[in-house]
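Atom set for the values below is all heavy atoms of this structure, side chains included, hydrogens, waters and symmetry mates excluded. Everything quoted here is computed from the prediction, not taken from an experiment. So that the names make sense, note that chain A is the first sequence line, chain B the second, and so on, each numbered from 1.
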Protein chains: 2
Amino acid sequence: MKHMARTQGSHSDITGPRVRAAALKLFARGGYAAVSMRAIAAEVGVQAGALYNYTPDKQSLLFDLMSAHMTELLDQTPDGSDADPRAQLHSFVDFHIRFHADRPDEVFIAYMELRNLTEENFARIEALRRQYEDHLEDILRSGVSSGVFNVRDTKIVTLAIIAMLTGVNTWFRAGGRLSLDEVVTQYWDMVRKAVGA
Amino acid sequence: MKHMARTQGSHSDITGPRVRAAALKLFARGGYAAVSMRAIAAEVGVQAGALYNYTPDKQSLLFDLMSAHMTELLDQTPDGSDADPRAQLHSFVDFHIRFHADRPDEVFIAYMELRNLTEENFARIEALRRQYEDHLEDILRSGVSSGVFNVRDTKIVTLAIIAMLTGVNTWFRAGGRLSLDEVVTQYWDMVRKAVGA
DNA sequence: TCATTTAATGAACAATCGTTCAAAAGCAAA
DNA sequence: TTTGCTTTTGAACGATTGTTCATTAAATGA
């Protein structure tokens, strides 16, 4: 047993992700407050008590989902601080739409369940969201200072663009009338015009 | 008693509105599922049982709030089908921002609590929302056909504009850095550019 | 003052909530 | 097979949920 390579009778690495997946699905469908731990357990195919091997409590389950989502969002945000502001903005629009379209449940939760976080957890998620907004605002500012964007208030335009892009999730469905490519094209068209590029 | 002008020992006309106001405030703050009838009663200063003089159940309380909000939204939407599309669109942007900024709690509930409606109530609210969207799309279409707007897909632009405008509610606070007039000016600037007017 | 009507109380209901924990079951190494 | 550890069960806990209802209180009209 010199190395104890793996735990013994462990299903943790199987059940753990399934618990998070079930919580994600049910929270998105019914809302955090309306989903019981027993409902999550039933979705996994397990008794409620077993969930507490994978989360200290219900609140942590919500926070972990939101935190993982925001972290992934920030990690995958294209950097490209070398490119010109217009290309950076295009890249941002493209990324935002595709990233969010791929994760409707995560996005839904991240926007709808903020008020069900404890004060401390809320502050942590808000900090991540702020970081993401700041990234877009930096792009806008550099475009303004180099004269390629015509924007009065970068903060407002930042929030307006993000609201507009995130709104795609309320109606877009894969296999619908429009492909994701077409959606990206049209939203980039609107954003481009709105910033006067 | 020939007319029975009013009910007798009635406080209905006082307590009734207070119940709706309390529900509005608490639903917006904590979410429908997380707010108990006892909490609403406490906000009114009454026992839980008394609420049932004013609503058949909790679900109706939510639906009535959302329904009243959407109806008022539609009633107050500027008509002006005589004006040119550009003026109509400007008027719509102005109205939307001001109407929503005046009613943060109602707007919050109307967007966040849709999933807590029964299937039937959900369909009714969705129909009202659709009506509102159609009104904007009509403006866009008339502008496209008269050549003053340059828009590829009126449906997408409709949803994008509404998402962008409604997003104001997530950050705007009266008495903050920007006045509502300034907000309207800047959003109209973006919308105008985005539709190529 | 008295009779009538309405509004509010406060207890009670069955159900469900998040969470805990001793006991049972499952699995891997010895 | 036995030993040791992990995972799951299933019952139990106190609290809280939406809702009902007989009773009490309050207010009005006569």
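- In this structure, B:Q47 places its CD atom 17 Å from P of C:dA7, rounding to the nearest Å.
- Taking the charged nitrogens against the carboxylate oxygens, B:D181 and B:R98 do have a contact shorter than 4.0 Å, which makes a salt bridge.
- Close to C:dA7, at under 4.0 Å from its OP1 or OP2, lies no side-chain N or O of B:T15.
- Side chain of A:T166 to backbone of A:A163: no donor-acceptor contact under 3.5 angstrom is found.
- Within residues 18-37 of chain B, no residue has a heavy atom under 4.0 Å from DNA chain C.
- One interatomic measurement links the two molecules: CG of B:N53 to P of D:dT19, which rounds to 14 Å at whole-angstrom precision.
- In this structure, CD in A:Q59 is found 5.5 Å from CG in A:L117, a value given to the nearest 0.5 Å.
- In this structure, a donor-acceptor pair under 3.5 Å is present between the side chains of A:Q76 and A:E72.
- Aromatic pair A:F172/A:Y187: ring centres not closer than 6.0 Å.
- Distance A:L62 CG to C:dG18 C1': 15 Å, rounded to the nearest Å.
- For the pair B:Y52 and D:dC21, the criterion of a side-chain N or O lying under 4.0 Å from OP1 or OP2 is not met.
- In this structure, B:K58 atom NZ and D:dT16 atom C1' are separated by 12 Å, rounded to whole Å.
- Annotation: B:Y132 is in aromatic contact with B:F92 [ring centroid separation under 6.0 Å].
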